Protein chains: 2
Amino acid sequence: MVDYTLDKLRTHGYRITQPRPVVIDVLTESHGHLTSAEILERVAAVDKSIGRASVFRVLDLLTSLAVIRPVYVEGRSPAYVMLTPEGHHSHIVCVTCGHVIELDTCVVDGLDEQLEEQYGVQLSGHLLEFYGTCAQCR
Amino acid sequence: MVDYTLDKLRTHGYRITQPRPVVIDVLTESHGHLTSAEILERVAAVDKSIGRASVFRVLDLLTSLAVIRPVYVEGRSPAYVMLTPEGHHSHIVCVTCGHVIELDTCVVDGLDEQLEEQYGVQLSGHLLEFYGTCAQCR
DNA sequence: ATCAATGCAAAGAATTTGCATCATG
DNA sequence: CATGATGCAAATTCTTTGCATTGAT
């Protein structure tokens with residue numbers, strides 16, 4: 001996932017500079033969603049010299065390349081999820097405690113093409129978010 | 001939609017006070033997604049005496065009741081979408097210009113039950129977000 | 001060697017909180 | 001008429017910008 005993402009950066013003409021691989025690595029390792037605060041923290045743990053601003057810049061870059069996607073889970077700042085190479089992500093959010101269960105299901109096949117035709121858009125991915133109450137909060 | 005939401009508030013023991021119906025009305029009228037800044041603006045246009053903080057408090061309340069759902073579309077602050085009474089919402093986000101096309105499709109039927117059984121959760125709704133490039137940005 | 005990308009620190013947004021006051025049920 | 005809810009303004013939190021400097025190609 002890290003290599004795939006670095007290739008994507010190169011393909012788009014972006015350099016592989018210091019903070020970029022670190023942020024991508026943190027996101028990849030997490031296997032889930034991380035808030036910006038968590039990302040800042042983990043990046044700092046790896047390399048204290050990486051500035052806050054750069055982390056945000058990398059997050060913006062990865063978002064614009066559809067490598068990650070900000071989602072609202074809980075709290076004030078967005079959480080970022082990594083998308084599959086196909087651009088997908090699904091999860092369940094517990095609206096009570098904020099716990100997130102990551103899914104690997106993808107049920108939206110076929111609808112993509114239909115929507116592309118219907119609206120003249122070119123789709124690159126989707127996010128499917130279920131919400132409800134988790135087993136423990138019930 | 002306004003009445004439905006007000007009933008929901010009453011059911012949960014919340015009072016019907018000044019800012020509540022105004023915020024709900026603004027959200028209902030929009031038929032789409034509104035950022036908090038837009039909501040603040042429109043609420044102020046209706047009643048200048050309603051304070052910022054109260055608008056945020058109402059948004060939090062409606063979110064906790066699953067009447068609305070915050071999503072990150074573009075920019076720094078979340079946008080809020082109204083869910084159907086069944087708790088659903090779908091849209092397409094253009095990752096280039098941020099334009100959003102609201103959908104009324106719901107393709108996730110059946111999966112809900114499967115996930116509830118599989119994870120022991122109780123689901124109340126979902127959000128399906130497609131992203132890609134809109135006709136104008138292509 | 002060039003210029004994209006960085007780190008820093010300060011500025012800027014956006015949201016929340018503390019508290020006295022108000023008004024719904 | 002009790003207390004949940006409010007408006008205000010200050011405080012806090014989060015993110016971005018300006019700019020001199022660095023470093024990947």
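All of these numbers come straight from a predicted model, not from anything done at the bench. Every chain is numbered from 1, with letters handed out A, B, ... down the list of sequences.
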Between Y80(A) and G32(A), is there a donor-acceptor pair closer than 3.5 Å when you use the side chain of the first and the backbone of the second?
no
Any donor-acceptor pair under 3.5 Å linking the side chain of Y131(A) with the backbone of H126(B)?
yes
Nearest-angstrom distance from the residue atom CD1 of I50(A) to C1' of dA9(C)
18 Å
Side chain of T84(A), backbone of H88(A): donor and acceptor closer than 3.5 Å?
yes
Quick one: is R57(A) getting a side-chain N or O under 4.0 Å of the dG7(C) phosphate, OP1 or OP2?
no
Run through D25(A), I16(A), T11(A) and flag the one making a side chain to side chain contact (heavy atoms under 4.5 Å, CB included) with L6(A).
I16(A)
Proximity to the side chain of S77(B) - top-ranked nucleotide from dA5(C), dA14(C), dA9(C):
dA14(C)
Provide, to the nearest angstrom, the distance between the CZ atom belonging to F56(A) and the C1' atom belonging to dG12(C).
14 Å
Please state whether the phosphate of dT6(C), meaning OP1 or OP2, lies under 4.0 angstrom from any side-chain nitrogen or oxygen of T17(A).
yes
Any donor-acceptor pair under 3.5 Å joining the side chain of R15(A) to the base of dA4(C)?
yes
For L40(B) and dT16(C), what is the distance between atoms CG and C1' respectively, to the nearest whole Å?
13 Å
Specify the residue among R10(B) and K48(A) whose closest nucleotide of DNA chain C lies further upstream toward the 5′ end.
K48(A)
d(OH, Y14(A); C1', dC3(C)) in whole Å
15 Å
Rounded off to whole Å, could you give me the NE2-to-C1' distance for the H12(A) and dA4(C) pair?
17 Å
Is the backbone N or O of C134(A) less than 3.5 Å from a side-chain atom of Q122(B), with the two atoms forming a donor-acceptor pair by type?
no
I'd like to know if the side chain of E117(B) reaches the main chain of Q114(B), judged simply by a donor and an acceptor atom lying under 3.5 Å from each other, with no hydrogens or angles considered.
no
Of R52(B) and S54(A), whose closest DNA chain C nucleotide lies nearer the 5' terminus?
S54(A)
Short side-chain N/O contact to dA14(C) OP1/OP2 from R76(A), under 4.0 Å:
no
Under 4.0 Å between a side-chain nitrogen and a carboxylate oxygen: does that hold for E129(B) and R69(A)?
yes
Rounded (10°) bend between the five-pair end axes of the helix from dA1(C)-dT25(D) to dG25(C)-dC1(D):
50°
Test your reading of the model: is there a side-chain donor-acceptor pair from S54(B) to the backbone of I50(B), 3.5 Å cut-off?
no
Identify whether the distance between the nearest side-chain nitrogen and carboxylate oxygen of D60(A) and R57(A) falls below 4.0 Å.
no
Could you give the start and end, 5' to 3', of the contact zone on DNA chain D for chain A, using atoms under 4.0 Å from its heavy atoms?
dT13(D) to dT25(D)
